[in-house]
Number of protein chains: 2
Amino acid sequence: MEYQKALRQLIEEFKTNFMPSVSLDLAIFGFHDGQLKVLLLRWKGTDDWCLPGGRIRHEENLEVAAYRSLQQRTGLREIFLQQFHTFGDVMRYTNFSKQETMAKLGLPEDITEELVSRDVSVGYYALVEFANAVPTPDFFTEECRWWDIDQIPPLLFDHNDMIKLALKTLRRQLSYQPIGYNLLPDKFTMPDIQQLYETILGQTLDRRNFQKRMLGYNILERLEERKTGGAHKAPYLYRFDKEKYEKALAEEILFVG
Amino acid sequence: MEYQKALRQLIEEFKTNFMPSVSLDLAIFGFHDGQLKVLLLRWKGTDDWCLPGGRIRHEENLEVAAYRSLQQRTGLREIFLQQFHTFGDVMRYTNFSKQETMAKLGLPEDITEELVSRDVSVGYYALVEFANAVPTPDFFTEECRWWDIDQIPPLLFDHNDMIKLALKTLRRQLSYQPIGYNLLPDKFTMPDIQQLYETILGQTLDRRNFQKRMLGYNILERLEERKTGGAHKAPYLYRFDKEKYEKALAEEILFVG
DNA sequence: TCAAAAGTGTTTCCGTTACACCCATGG
DNA sequence: CCATGGGTGTAACGGAAACACTTTTGA
């Protein structure tokens with residue numbers, strides 16, 4: 001069977017090129033239509049969804065591996081990517097009916113053992129511009145698409161918990177780091193970025209206070225008007241001042257009280 | 001040679017019982033005499049110091065492995081232990097003159113390769129009561145002792161960076177989580193705990209404001225007087241209300257603004 | 001001309017910081 | 001009896017939250 005042959009070959013390649021026992025998982029957040037989304041993969045021939053993951057090459061930095069994996073799933077580079085926790089419970093595989101899923105995939109038992117043996121996994125979360133991403137499945141999966149954050153189904157492994165913790169970390173991060181550079185188009189309005197914040201935080205914010213705070217950070221530059229299709233008064237357009245933005249990210253203390 | 005035989009045996013045991021490619025490192029902080037200390041290990045026959053580490057058994061939870069390693073170095077259980085970052089740079093071994101150190105240890109090259117091949121390492125930091133800890137070296141080391149936080153020598157691997165980041169995380173943590181349960185004796189005075197905070201943060205705090213804040217957390221219970229040897233007015237003794245303390249730790253939001 | 005959205009500034013509030021006085025104890 | 005440290009309360013400050021009016025635009 002052609003598929004199994006390819007599979008065995010892939011596993012061989014894994015064994016020679018990648019570190020055993022360690023993997024990484026990605027919670028890739030996108031923003032569209034006032035909704036926060038997460039990128040999920042569906043395994044071939046099943047209805048089982050999970051987070052995209054990756055492995056680390058023997059001579060590759062962990063962070064580089066995370067960026068590489070992110071690019072393989074979305075086509076994107078130079079994205080906000082942040083490690084948030086490392087998961088190492090043995091139990092995180094119980095939620096996952098190994099035999100069942102593997103059987104659906106048509107995998108013999110010895111391969112199953114190899115493939116889903118217990119790993120320690122480093123969790124990263126990423127923020128990407130929804131429109132620019134090209135969701136791409138990998139060898140084991142046949143579908144890769146965005147899910148609304150509040151409509152995520154029960155996932156394989158401990159991936160529901162991962163998303164929960166990633167989101168929690170992201171929300172905390174939002175309070176002391178600027179976010180938005182990779183989530184918004186080059187030019188955007190104040191209502192745009194406010195909606196982004198409100199979506200991530202899951203709560204509404206005062207228009208005036210938000211603007212005051214955001215401008216206070218000193219990382220935005222205002223352009224001219226915009227009228228496009230929008231009815232009503234045309235809001236200003238803004239753009240991130242890349243240099244100041246990076247500086248703020250590096251300092252990281254900027255927004256702490 | 002007896003030593004090399006034991007070593008080979010140990011490595012065999014590692015290979016069969018522990019996960020490859022993943023390890024963990026511990027920044028164990030202790031508090032004594034108004035000084036914050038870190039526990040370091042010195043390799044046999046060398047002047048090279050490093051953080052204590054550990055490995056994960058195949059069927060062992062990551063966190064359990066961390067607690068086990070902590071206990072092996074200090075004899076302590078039920079300690080504040082917190083994951084803070086996972087280190088995965090290949091470069092983190094450059095600082096480390098492999099051949100040199102290994103030669104001092106009398107290790108043949110093939111063992112060297114096995115022993116210090118590149119790992120991804122999960123960093124934990126712990127807070128322990130200085131007086132209760134019994135620093136214990138492991139097979140590779142002959143000395144295990146406390147170092148003042150501001151007198152740490154250049155360490156092997158990337159362990160200086162690890163300590164730096166651990167301390168940074170600890171300080172941040174201090175602002176939104178109660179700390180002290182494992183660092184102070186059962187009964188302690190307000191000046192005691194204030195000194196602990198000042199030591200960790202590296203700055204002095206206002207006596208009155210500190211007390212106000214600390215009591216506001218509602219995790220302390222006041223006992224009676226204390227006079228012991230101390231001259232001057234006898235300060236009250238306090239004790240942590242274990243239940244409320246645990247609750248605060250679990251909520252973790254308690255001290256956020 | 002009206003409804004809906006955007007631009008802008010002021011007041012209020014609350015938590016943090018700064019600060020002072022009295023009390024107890026051992027030398 | 002006094003120097004040193006501990007107990008306690010209040011005033012000042014500043015950043016965040018609450019809040020209102022005017023302007024623009026398409027329908």
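Within every chain, numbering begins at 1; the chains are lettered A, B, ... in the order of the sequence lines, protein sequences first and strands thereafter. Keep in mind that this is a model prediction, so the values were computed, not measured.
In terms of the salt bridge (charged side-chain N to carboxylate O under 4.0 Å, His left out) criterion, residue partners of B:R145 (sequence neighbours excluded) are, by chain and number, B:E143. B:D148 pairs by the side-chain hydrogen bond (donor to acceptor under 3.5 Å, both in side chains) definition with B:K37, not counting sequence neighbours. Qualifying ring pair (Phe, Tyr, Trp, His ring centres under 6.0 Å) partners for B:Y67, counting only residues two or more places apart in sequence or in other chains: none. Qualifying ring pair (Phe, Tyr, Trp, His ring centres under 6.0 Å) partners for B:H232, counting only residues two or more places apart in sequence or in other chains: none. With sequence neighbours excluded, no residue forms a ring pair (Phe, Tyr, Trp, His ring centres under 6.0 Å) with A:F31. Listed by chain and number, the residues in a side-chain hydrogen bond (donor to acceptor under 3.5 Å, both in side chains) with A:T74 amount to none (sequence neighbours excluded). Listed by chain and number, the residues in a side chain to side chain contact (heavy atoms under 4.5 Å, CB included) with A:Y238 are A:F188, A:M190, A:Q211, A:L215, A:L220, A:R222, A:Y236 (sequence neighbours excluded). Residues satisfying the side-chain hydrogen bond (donor to acceptor under 3.5 Å, both in side chains) test with B:Q35, not counting sequence neighbours, are none. Not a single side-chain hydrogen bond (donor to acceptor under 3.5 Å, both in side chains) links B:R207 to another residue, sequence neighbours left out.
If you take CG of B:D192 and P of D:dG5, they are 14 Å apart, rounded to a whole angstrom. In this structure, the CZ atom of A:F188 is 15 Å from the P atom of C:dA6, given to the nearest Å. The interatomic distance linking A:Y236 (OH) with C:dA5 (C1') rounds to 15 Å, in whole Å.
Of the residues in residues 205-216 of chain A, those placing a heavy atom less than 4.0 Å from an atom of DNA chain D are A:D206, A:R207, A:R208, A:N209, A:K212, in numerical order.
At least one donor-acceptor pair under 3.5 Å links the side chain of B:T199 to the backbone N or O of B:Q195.
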Polar-atom pairs under 3.5 Å, protein N or O versus N or O of nucleotides 23-25 of chain C: list them with distances, or write none.
residue, atom, partner, partner atom, Å
C:dT25, O4', B:H232, O, 3.2

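Fit an axis to the five pairs at each end of the helix from C:dT1-D:dA27 to C:dG27-D:dC1 and the two axes sit 0° apart, to the nearest 10 degrees.
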